[in-house]
2 protein chains.
Amino acid sequence: MGPRAKTDTDKDLRQEIIDAAREIFVAEGYDHLSMRRVAEKIGYSPTAIYLHFRDKTELLREVCEEAFIKLGDAIASARRTGKDPLDVMKKGLFAYIHFGVANPHHYEVAFISPKDKIFRSDESSYEGSAGQRAFEMLSSSVTDCIAAGIFRPGDVAKISQTIWASIHGITSLLIMHEKFPFVEREALIDSVVETTVGGLTA
Amino acid sequence: MGPRAKTDTDKDLRQEIIDAAREIFVAEGYDHLSMRRVAEKIGYSPTAIYLHFRDKTELLREVCEEAFIKLGDAIASARRTGKDPLDVMKKGLFAYIHFGVANPHHYEVAFISPKDKIFRSDESSYEGSAGQRAFEMLSSSVTDCIAAGIFRPGDVAKISQTIWASIHGITSLLIMHEKFPFVEREALIDSVVETTVGGLTA
DNA sequence: CCCCATACTTAACAGTGTTAAGTTAGAAGC
DNA sequence: GCTTCTAACTTAACACTGTTAAGTATGGGG
């Protein structure tokens with residue numbers, strides 16, 4: 001049998017695959033996303049996917065890309081509501097955490113368990129990725145806070161990575177340890193941000 | 001064919017399985033640990049393992065248990081070298097982070113990706129686990145630091161979880177994002193601990 | 001000496017990502 | 001209009017995975 005009869009609802013099969021994959025991935029995560037399930041969902045054979053994506057990793061990277069852009073946008077737009085350098089930073093940190101909690105599967109693949117899964121084949125690992133973009137916004141906030149005399153002077157990279165550790169920590173704990181008896185979520189997020197920022201204040 | 005000829009080197013097969021599994025797991029992590037590889041390593045058929053462990057999860061839990069005890073011991077013994085409540089806490093935090101970095105696969109399974117993998121079947125999720133034990137030491141340090149007037153008064157659980165978020169954050173970042181251009185490791189760990197503790201100081 | 005339980009085995013199921021080879025439909029050339 | 005070629009799909013298969021069902025041999029107890 002040859003290719004499926006084309007219908008008027010046919011867009012690119014490539015986009016159709018991405019849409020199906022995203023649906024499964026968002027609902028059930030990486031482990032439950034299988035090529036055969038995607039294929040069944042779109043009504044093609046599993047191998048048809050390989051005509052449009054090199055492997056599962058590349059398919060999933062595509063699925064995540066839009067979420068990454070959304071993360072960057074969310075941070076950037078939250079930052080624009082900040083009144084001063086410190087407020088700009090805080091707004092960005094909250095946006096990062098809330099994005100992660102709201103998109104747990106995307107956050108998991110992108111930041112929690114990217115080791116052998118995604119972005120490893122990429123030689124330009126972090127170049128141009130969402131992590132890179134978000135991190136650059138954070139670094140510039142650190143620079144601004146130091147220049148404004150809000151933060152003590154220090155190595156911008158080290159300070160930025162320290163902050164990243166904190167917000168990544170709370171985000172991944174909230175995502176992965178659902179059963180742990182955390183205190184009220186927003187209060188805890190507040191505490192993490194305020195404590196970290198407070199520890200850097202002049 | 002019946003059971004393998006018993007040799008003088010035969011201990012419990014159960015222990016033999018655990019030893020083989022640990023070797024593979026420590027070297028290559030959860031994903032590369034397969035029942036068939038364990039079986040091959042010990043010279044039995046794959047199904048022999050199921051006579052001693054209910055499933056892969058239970059086998060791996062056994063493998064991790066000893067590491068958990070070592071984590072608790074490392075933290076407890078580091079804390080004993082502390083000179084005051086704050087120093088006791090800091091020594092424990094450093095011990096936690098260093099244990100994670102030194103035992104990445106154990107840390108990953110126990111704290112980073114425990115969702116559907118390990119400890120989920122357990123109804124008593126965190127009861128008596130290593131996380132529980134370590135967290136209790138942290139909580140008691142927080143109580144002590146508040147009592148000594150070192151920390152501002154506040155919700156002990158919230159403060160403890162805030163600290164945990166920070167040290168879990170740096171530990172998991174260092175483990176999972178090997179390629180990220182972090183600043184010098186010990187300096188960064190120091191910065192995380194000092195910043196977090198500093199943000200809580202009265 | 002026989003029976004039987006214990007401890008293992010082989011075979012198989014249902015699933016995974018992925019590749020090689022086969023088929024079919026439509027476009028291009030004459 | 002007929003042939004040829006190519007792009008897009010298919011089926012079959014490989015090498016794995018965790019796990020279960022059923023078969024088998026061995027050593028101990030009656």
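The sequence lines fix the lettering, A, B, ..., with proteins before strands; numbering per chain opens at 1.
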Enquirer: Can you name the salt bridge (Lys or Arg N to Asp or Glu O under 4.0 Å) partners of B:Glu40, sequence neighbours left out?
Expert: none

Enquirer: Can you check nucleotides 16-20 of chain C for protein contacts, nitrogen or oxygen pairs under 3.5 Å, and list what you find?
Expert:
from: C:dT16; atom 1: OP1; to: A:Ser34; atom 2: OG; distance (Å): 2.8
from: C:dG17; atom 1: OP1; to: A:Leu33; atom 2: O; distance (Å): 3.4
from: C:dG17; atom 1: OP1; to: A:Met35; atom 2: N; distance (Å): 3.2
from: C:dG17; atom 1: OP1; to: A:Lys56; atom 2: NZ; distance (Å): 3.3
from: C:dG17; atom 1: OP2; to: A:Met35; atom 2: N; distance (Å): 3.0
from: C:dG17; atom 1: N7; to: A:Arg36; atom 2: NH1; distance (Å): 2.6
from: C:dG17; atom 1: O6; to: A:Arg36; atom 2: NH2; distance (Å): 3.0
from: C:dT18; atom 1: OP2; to: A:Tyr50; atom 2: OH; distance (Å): 3.0
from: C:dT18; atom 1: OP2; to: A:Lys56; atom 2: N; distance (Å): 2.9
from: C:dT18; atom 1: O5'; to: A:Tyr50; atom 2: OH; distance (Å): 3.4
from: C:dT18; atom 1: O4; to: A:Arg36; atom 2: NH2; distance (Å): 3.4

Enquirer: Just jot down the salt bridge (Lys or Arg N to Asp or Glu O under 4.0 Å) partners of B:Glu66, sequence neighbours excluded, or say none.
Expert: B:Arg22

Enquirer: Applying side-chain contact (heavy atoms from CB on, under 4.5 Å), can you list everything that pairs with B:Ser141, at least two apart in sequence or on another chain?
Expert: B:Arg79, B:Val88, B:Met89

Enquirer: List for me each residue that meets salt bridge (Lys or Arg N to Asp or Glu O under 4.0 Å) alongside B:Asp73, sequence neighbours excluded, and say none if there are none.
Expert: B:Arg133

Enquirer: Between atom CG in B:Asp31 and atom P in D:dC16, what is the gap in whole Å?
Expert: 17 Å

Enquirer: Going by salt bridge (Lys or Arg N to Asp or Glu O under 4.0 Å), name the residues that satisfy it together with B:Arg37, two or more places apart in sequence or in a different chain.
Expert: B:Glu28

Enquirer: Keeping the roles fixed (side chain from B:Gln161, backbone from A:Leu188), state whether a donor-acceptor pair exists under 3.5 Å.
Expert: no

Enquirer: Figure out the CD1/P separation between B:Ile24 and D:dT17, and round it to whole Å.
Expert: 10 Å

Enquirer: Holding to side-chain hydrogen bond (donor to acceptor under 3.5 Å, both in side chains), I want the full list of residues that pass it with B:Lys91, two or more places apart in sequence or in another chain.
Expert: B:Asp87

Enquirer: Report the distance from atom CD1 of B:Ile49 to atom P of C:dT9, rounded to the nearest whole Å.
Expert: 10 Å

Enquirer: Just how far, in rounded Å, is C1' of D:dA7 from OH of A:Tyr44?
Expert: 13 Å

Enquirer: Can you measure B:Glu40 atom CD to D:dA15 atom P for me and round it to whole angstrom units?
Expert: 15 Å

Enquirer: Quick one: B:Ile17 CD1 to C:dA7 C1', roughly how many Å, whole number?
Expert: 12 Å

Enquirer: CG of B:Leu51 versus C1' of C:dT9: gap in Å, rounded?
Expert: 10 Å

Enquirer: Of all residues at least two apart in sequence or in a different chain, which pass the side-chain hydrogen bond (donor to acceptor under 3.5 Å, both in side chains) check with A:Glu58?
Expert: none

Enquirer: Does the B:Ser172 side chain pair with the main chain of B:Gly169, one donor and one acceptor, at a distance under 3.5 Å?
Expert: yes

Enquirer: Axis-to-axis angle across the helix from C:dC1-D:dG30 to C:dC30-D:dG1, five pairs an end, to 10 degrees?
Expert: 30°

Enquirer: C:dA7 phosphate, OP1 or OP2: any side-chain N/O from B:His52 under 4.0 angstrom?
Expert: no

